[in-house]
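Computed from heavy atoms alone, side chains included, the values below leave out hydrogens, waters and symmetry copies. Everything numeric here is computed off the predicted structure, so don't read it as measured data.
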Amino acid sequence: QVRLAESGGGLVQAGGSLRLSCVDSGRTVRPYTTGWFRRAPGKEREFVAAINWSGTNTDYTDSVRGRFTISSDNAKNTVYLQMNSLKPEDTAVYYCAAPITIATGFWESDYWGQGTQVTVSS
């Protein structure tokens with residue numbers, strides 16, 4: 001049973017924009033934080049952005065701060081990642097994860113979507 005479903009990836013030129021969506025079919029259970037991560041070719045998966053249940057607190061990795069915006073619509077059980085000013089180094093598979101925790105000092109999760117490919121051409 002798929003609980004997290006990402007969409008919105010694609011091919012875009014450098015400087016362009018994309019908006020990713022993550023529909024969370026388990027979002028009615030309890031409040032938790034949702035995150036976006038990405039894995040670039042040949043690299044480890046890395047944290048991108050996080051948002052708490054109410055949408056009042058967000059967190060970003062330094063490389064995307066000011067260019068990406070995470071938001072949520074609880075009525076639609078959806079978390080978004082608006083990506084502007086995209087760079088070739090943003091090319092990766094983007095994954096939604098929920099719930100995510102930072103107990104070890106790093107955002108982590110045991111629950112992941114299938115991912116959506118984002119490719120930024122130079």
Side-chain angles (χ1 to χ4, degrees):
Q1 181 178 0
V2 176
R3 208 206 99 197
L4 298 168
E6 304 98 332
S7 63
L11 173 64
V12 64
Q13 289 187 332
S17 298
L18 284 173
R19 188 177 79 157
L20 306 183
S21 299
C22 172
V23 178
D24 182 359
S25 62
R27 194 163 173 80
T28 59
V29 175
R30 65 185 186 280
Y32 49 73
T33 297
T34 300
W36 285 96
F37 294 71
R38 65 187 180 186
R39 185 191 299 253
K43 295 186 177 181
E44 296 291 319
R45 184 164 53 196
E46 66 169 347
F47 166 76
V48 176
I51 188 167
N52 68 342
W53 183 270
S54 61
T56 54
N57 288 314
T58 57
D59 189 20
Y60 298 92
T61 191
D62 287 345
S63 63
V64 308
R65 187 172 288 113
R67 299 188 298 122
F68 291 10
T69 302
I70 189 170
S71 62
S72 62
D73 184 340
N74 286 355
K76 296 182 179 180
N77 293 335
T78 302
V79 172
Y80 304 98
L81 185 67
Q82 177 67 44
M83 305 186 296
N84 298 329
S85 302
L86 282 161
K87 304 175 181 180
E89 50 264 43
D90 294 317
T91 294
V93 178
Y94 283 72
Y95 299 91
C96 177
I100 65 172
T101 61
I102 196 168
T104 62
F106 299 93
W107 286 111
E108 298 175 321
S109 181
D110 292 329
Y111 304 94
W112 301 89
Q114 295 299 305
T116 185
Q117 176 71 47
V118 171
T119 302
V120 184
S121 63
S122 58

Ignoring hydrogens, what is the shortest heavy-atom contact between [X] and [Y]? Give both atom names and the distance.
X: R3; Y: P99; value: NH1-CD, 4.1 Å
X: A97; Y: L4; value: CA-CD1, 4.0 Å
X: F37; Y: W107; value: CE2-O, 3.6 Å
X: S72; Y: V79; value: CB-CG2, 4.0 Å
X: T34; Y: A98; value: OG1-CB, 3.6 Å

Any side-chain heavy-atom pair from [X] and [Y] closer than 4.5 angstrom?
X: F68; Y: L81; answer: yes
X: E108; Y: I102; answer: no
X: R39; Y: Y94; answer: no

Considering only distance and modelled atom types, tabulate donor-acceptor pairs under 3.5 Å from the side chains of residues 13-21, sequence neighbours left out.
{"residue": "S17", "atom": "OG", "partner": "N84", "partner atom": "OD1", "Å": "2.9"}

Please confirm whether W36 and Y95 have ring centers closer than 6.0 angstrom.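 For W36 and Y95, the ring centres are not under 6.0 Å apart.
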Partner of I70 under side-chain contact (heavy atoms from CB on, under 4.5 Å), chosen from D59, V64, I51, V48: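 Result: among D59, V64, I51, V48, I51 is the only option passing the side-chain contact (heavy atoms from CB on, under 4.5 Å) with I70.
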Please report the interatomic distance CZ(F47) to OG(S63), rounded to the nearest 0.5 Å.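 Reported to 0.5 Å precision, the distance equals 10.0 Å.
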With S122, which residues qualify under side-chain hydrogen bond (donor to acceptor under 3.5 Å, both in side chains), at least two apart?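 S122 satisfies side-chain hydrogen bond (donor to acceptor under 3.5 Å, both in side chains) with no residue once adjacent residues are dropped.
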For the side chain of [X] and the backbone of [Y], is there at least one donor-acceptor N/O pair under 3.5 Å apart?
X: E6; Y: G115; answer: yes
X: N57; Y: N52; answer: no
X: Q117; Y: G10; answer: no
X: T78; Y: K76; answer: yes

Got a sec, which pairs hit salt bridge (charged side-chain N to carboxylate O under 4.0 Å, His left out) with one end in residues 90-99, sequence neighbours left out?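 Sorted result for residues 90-99: R38-D90, R67-D90.
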Y60 with L86, same ILVMFWY side-chain cluster at under 4.5 Å: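 Yes.
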Would you kindly say whether D24 and Y32 are connected by a side-chain donor-acceptor distance under 3.5 Å?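 The answer is yes; a qualifying pair exists.
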Has Y80 got more than 12 heavy atoms of other residues, nucleotides or ligands less than 6.0 Å from its OH?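 More than 12 heavy atoms, drawn from other residues, nucleotides or ligands, come within 6.0 Å of this atom.
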Tell me whether R45 forms a cation-pi arrangement with W112, defined as NZ or CZ under 6.0 Å from the six-membered ring centre and within 45 degrees of its axis.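 Yes, R45 and W112 form such a contact.
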